[in-house]
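Everything below concerns the one structure shown next.
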There are 2 protein chains.
Amino acid sequence: MQVTLKEIAEKAGFSVTTVSRALGGFSDVNEKTRQYIMQIADDLGYQPNLIARQLRSQRTYTIGLIIPATTHNFEDDFFSVLIRGVTHTAARHQYDVLVSAQLPQANEMDAYHRIVGGNRVDGMVLARTYHDDPRIAYLRSLNHPFVVAGRSAPDQVSDFPYIDADSRVGIAELVTHFITYGHTHIGLILPPENIAFTPYRLEGYRDGLVGAGIPYRPEYVVHGDMKQRGGENAAAYLLESQPQITAIVACNDLMAIGAMRAIQGHGLRPGLDIAVGGFDDIPAAKHAAPALTTIRQPIYTIGEQLTEILIKVIANEPLEKTGILLKPELVIRESSGQPRR
Amino acid sequence: MQVTLKEIAEKAGFSVTTVSRALGGFSDVNEKTRQYIMQIADDLGYQPNLIARQLRSQRTYTIGLIIPATTHNFEDDFFSVLIRGVTHTAARHQYDVLVSAQLPQANEMDAYHRIVGGNRVDGMVLARTYHDDPRIAYLRSLNHPFVVAGRSAPDQVSDFPYIDADSRVGIAELVTHFITYGHTHIGLILPPENIAFTPYRLEGYRDGLVGAGIPYRPEYVVHGDMKQRGGENAAAYLLESQPQITAIVACNDLMAIGAMRAIQGHGLRPGLDIAVGGFDDIPAAKHAAPALTTIRQPIYTIGEQLTEILIKVIANEPLEKTGILLKPELVIRESSGQPRR
DNA sequence: GTGTGTATCCGAAACATTTCGGATCGTCTT
DNA sequence: AAGACGATCCGAAATGTTTCGGATACACAC
């Protein structure tokens with residue numbers, strides 16, 4: 001079965017302590033015996049029992065990531081890309097990643113209590129923060145290392161390590177882009193109220209309008225569930241109730257793609273009759289028909305950098321700054337249509 | 001810090017054993033004291049230390065999945081979708097998933113030795129099998145539970161639980177589809193030789209030709225690295241050296257998309273001048289321009305079913321059958337072009 | 001009064017490792 | 001020759017659980 005230190009010790013004629021210290025490369029064991037012990041360990045095919053090591057040393061070299069229950073959508077690449085960024089960076093630092101999916105009907109905190117309270121990870125990566133996010137409160141109360149893709153809503157401090165796109169600036173740019181193309185009646189599909197970045201995006205929308213002296217009209221703003229279906233429903237509602245609208249800004253690509261579908265469902269052509277813009281630049285955005293104008297958010301890079309930061313936090317290394325705000329990049333594609341004047 | 005059984009025991013005035021058995025729901029503890037102990041555990045916010053539990057019980061309730069080093073491509077959805085299927089199904093059975101990325105330059109088996117030999121998981125999910133796959137040999141020698149997305153090459157037995165698409169039949173259908181559209185000079189872009197499913201796909205290609213009485217021409221067959229770039233290079237080579245070719249079958253979607261790019265690079269129109277087909281039906285296939293004709297492989301479902309099987313294997317439950325061969329589905333899109341006669 | 005049975009509880013070992021605080025022994029200094 | 005010192009090794013505790021094999025006490029039957 002398992003080869004243990006004890007077996008090696010018996011075979012080598014040394015104590016378990018010495019074997020452990022030999023394999024650990026400590027200086028208080030004779031180089032000759034170290035070689036000898038390593039030889040035997042090799043011969044027996046010794047692999048340290050990581051569970052025992054973790055229990056004793058209270059370190060797991062593992063990063064936790066919990067996929068929210070709402071993300072059962074096949075097409076939502078956000079978490080997939082994030083996981084990839086995290087996993088590859090973790091591997092570079094000899095960390096593994098524990099991924100847990102939240103069950104749809106389960107209490108959101110259950111998985112966190114189990115994984116974090118159960119000592120299975122050294123740190124957590126959070127994403128998709130809410131207003132008054134209980135996960136952040138929990139992790140902070142435990143003083144457990146964590147980093148966040150996203151940040152708190154504008155009315156709360158984000159006094160934890162995070163990386164977020166500056167979505168206020170991003171959405172403002174997108175709105176301005178539409179305005180310079182001649183649009184004045186621009187609809188907005190927001191995420192649900194309880195998502196932390198929703199107010200930032202609404203502010204960006206208003207910034208864009210204000211910059212051009214266009215009045216803000218609350219009836220142009222609706223909410224969607226961040227999935228394709230939600231965007232479709234929201235856009236259909238806008239098209240019905242506000243037929244003067246010629247452009248729609250959706251707060252993520254999935255909803256934008258849904259909006260384009262709704263536009264087609266109304267016998268209109270996205271990009272020609274109604275301009276559409278999204279946010280994220282998931283792979284599907286480029287391949288959509290028409291290709292989607294969007295605000296690019298470098299998800300993979302965010303995953304990479306977050307992991308680097310998390311590992312520093314775990315190691316108690318000081319951070320230069322606690323939060324990073326990335327400048328988002330406007331990617332203009334066919335769904336913008338042509339300038340109208 | 002950590003609330004332990006010992007603390008609860010002291011507070012409740014019972015032994016650690018009784019506390020453990022009370023919380024575990026054993027029948028040899030008085031219902032009254034069980035209630036009492038549970039109350040105290042709740043008050044203290046007790047969360048069992050899973051590491052300690054794992055060490056003692058030699059069970060982790062964790063499934064391992066190692067992402068190969070070659071999959072650093074952002075667009076390769078295969079592993080992302082697989083991870084999602086595995087993770088969600090695992091969660092339904094109260095399992096977590098340990099994801100580890102293989103470093104590009106590292107020995108392939110290192111991660112397996114560490115994760116499996118280190119007792120971190122109860123079972124493994126493998127994907128992308130090779131001819132003479134050392135991972136399979138290793139896991140079998142340890143008698144460690146595992147399941148495989150894919151199977152052994154045709155010259156070896158697949159005497160382990162697996163799920164694979166019947167790629168021989170799939171590719172044959174695709175070739176036949178092209179032949180009925182009037183193509184007789186059909187190129188094939190195969191994966192590298194050491195991938196286990198390569199010979200199945202070659203056989204399928206030959207089956208398709210034989211069924212229509214078209215001779216097999218080895219010069220129409222080239223290899224690519226399964227990434228977009230590899231498909232591009234392979235197709236470029238085919239177009240140069242065999243200009244009579246009017247259709248190209250690529251063995252995965254990523255290479256097919258690359259082939260379409262090469263066709264465009266040669267001033268030809270994929271779907272109109274040269275028909276193209278792929279394999280997998282990753283999300284990008286539908287969104288490609290032109291949309292890609294392909295053989296659908298239900299990756300998410302494969303991940304789900306594999307996980308169900310793995311959990312059975314771990315629990316020592318008997319399996320109905322050891323291997324499942326899925327009938328692939330031909331999805332005809334624009335890259336097939338129109339029938340030519 | 002003795003034996004049997006049942007309900008309830010607990011001590012101690014075991015899982016495999018790391019690490020603290022010595023112990024031993026030979027060499028060197030004075 | 002005594003003490004100091006460095007090199008090398010090791011016993012035992014500790015990490016937090018689970019579980020085996022009893023132990024205790026009480027009720028009941030004979």
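Since we're looking at a predicted model, the values are computed, not measured. Just so we're on the same page: letters track the sequence lines, and every chain starts at 1.
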Review point. Could you state the CZ-P distance from A:Arg59 to D:dA14, rounded to the nearest angstrom?
Key: 23 Å

Practice item. Report the distance from atom CG of A:Leu23 to atom P of C:dT19, rounded to the nearest whole Å. Key: 13 Å

**Study point:** Separation of C:dC15 P from B:Leu5 CG (nearest whole Å)
**Key:** 19 Å

Practice item. Could you say whether A:Glu31 or B:Lys6 is positioned toward the 5' end of DNA chain D, judged by the nucleotide with the nearest heavy atom to each? Key: A:Glu31

Check your understanding: Hey, are B:Arg92 and B:Thr307 close enough side-chain-wise for a donor-acceptor pair under 3.5 Å?
Key -> no

**Study point:** Pair A:Ser15-A:Thr18, side-chain donor/acceptor within less than 3.5 Å
**Key:** yes

Review point. What is the distance from CG of A:Asn49 to P of C:dT17, rounded to the nearest Å?
Key: 6 Å

Practice item. Take the protein atom CD of B:Gln54 and the nucleotide atom C1' of D:dT15, then report the distance between them rounded to whole Å. Key: 14 Å

Practice item. Rounded to the nearest angstrom, tell me the gap between atom CG in B:Leu50 and atom C1' in D:dT18. Key: 14 Å

Check your understanding: Looking for any heavy atom pair under 4.0 Å, which part of the strands does B:Asp28 touch: base, sugar-phosphate only, or nothing?
Key -> base

Review point. Would you say a side-chain N or O of B:Asn30 is under 4.0 Å from OP1 or OP2 of C:dT8?
Key: yes

Exercise for review: Take the angle between the ring planes of A:Phe146 and A:Phe160 and call it parallel below 30°, perpendicular above 60°, tilted in between.
Suggested key: tilted

Check your understanding: Quick one: which of C:dC10, C:dC15, D:dT17 gets closest to the side chain of B:Leu55?
Key -> C:dC15

Study note, to complete from the structure: A:Phe14 CZ to C:dT17 C1', in whole Å, measures 20 Å

Point to revise | side-chain N/O B:Arg53 vs D:dT18 OP1/OP2, d < 4.0 Å | key: yes

Check your understanding: How long is the line joining CZ of A:Arg21 and P of C:dG21, in whole Å?
Key -> 12 Å

Review point. A:Tyr46 side chain N/O closer than 4.0 Å to the phosphate oxygens (OP1, OP2) of C:dT17?
Key: yes

Check your understanding: Between A:His144 and A:Tyr138, does any side-chain donor sit less than 3.5 Å from a side-chain acceptor?
Key -> no

Point to revise | Spacing of B:Arg84 atom CZ and A:Phe79 atom CZ [to the nearest 0.5 Å] | key: 10.5 Å

**Study point:** Options D:dG16, D:dC10, C:dT18, nucleotide nearest the side-chain atoms of A:Thr18
**Key:** D:dC10

Review point. According to a strict under-4.0 Å criterion, is A:Thr33 in side-chain N/O contact with OP1 or OP2 of D:dC9?
Key: yes

Review point. For the base of D:dT19, is there a side-chain donor-acceptor partner from B:Thr17 under 3.5 Å away?
Key: yes

Exercise for review: Kindly say whether, by distance alone, the side chain of B:Arg56 makes a donor-acceptor pair under 3.5 Å with the base of C:dA14?
Suggested key: yes

Practice item. Return no unless some side-chain N or O of B:Ser20 is found under 4.0 Å from OP1 or OP2 of D:dT18. Key: yes

Review point. Can a donor-acceptor pair be found between the side chains of A:Arg151 and A:Tyr162 at a distance below 3.5 Å?
Key: no

Check your understanding: Hey, is the side chain of B:Gln58 poking within less than 4.0 Å of OP1 or OP2 on C:dA16, counting only N and O atoms?
Key -> yes

Review point. Does A:Ser15 get its side chain close enough to the base of D:dG11, under 3.5 Å, for a donor-acceptor pair?
Key: no

Study note, to complete from the structure: Between B:Val16 and B:Asn119, the residue closer to the 5' end of DNA chain C by nearest nucleotide is B:Val16

